[in-house]
Amino acid sequence: MNKETYISLLLSFLFLSSCSTQAWYSGSKASHDISCLKESESDYEACIKENPHSYNEYKQARDELKTTNE
């Protein structure tokens, strides 16, 4: 099983198992990482580093924006 198939199966499992915000964020990040596999080896690392934030960092930034805009 190649990397893309494995990641696609994992992504599908995340979407089917839960519809939480965290699952959606994880799925989106996994999708981005899959697209990075199509890059050359030298560009792969830069592509992966484009979205280094964990879900908790994302949630904190989102919550800060919500309170700022209220």
What distance do [X] atom [atom1] and [Y] atom [atom2] have between them, rounded to the nearest 0.5 Å?
X: Gln60; Y: Leu65; atom1: CD; atom2: CG; result: 11.0 Å
X: Glu50; Y: Glu45; atom1: CD; atom2: CD; result: 12.0 Å
X: Tyr25; Y: Ser54; atom1: OH; atom2: OG; result: 6.5 Å

Indicate if Leu37 and Ile48 have the same hydrophobic cluster label, given that clusters are the connected sets of ILVMFWY residues with side-chain heavy-atom separations under 4.5 angstrom.
-> yes
Between Glu39 (side chain) and Cys36 (backbone), is there a donor-acceptor pair under 3.5 Å?
-> no
When you measure from the side chain of Ser26 to the backbone N and O of Gln22, does any donor-acceptor pair fall under 3.5 Å?
-> yes
Nearest heavy-atom approach of Lys49 to Pro52 is O-CD, 3.2 Å
Quick one: closest heavy-atom pair of Arg62 and Tyr55, and the distance?
-> NH2-OH, 4.5 Å
Side-chain contact test, heavy atoms from C-beta onward, threshold under 4.5 Å: evaluate it for Asn51 versus Lys29 and give yes or no.
-> yes
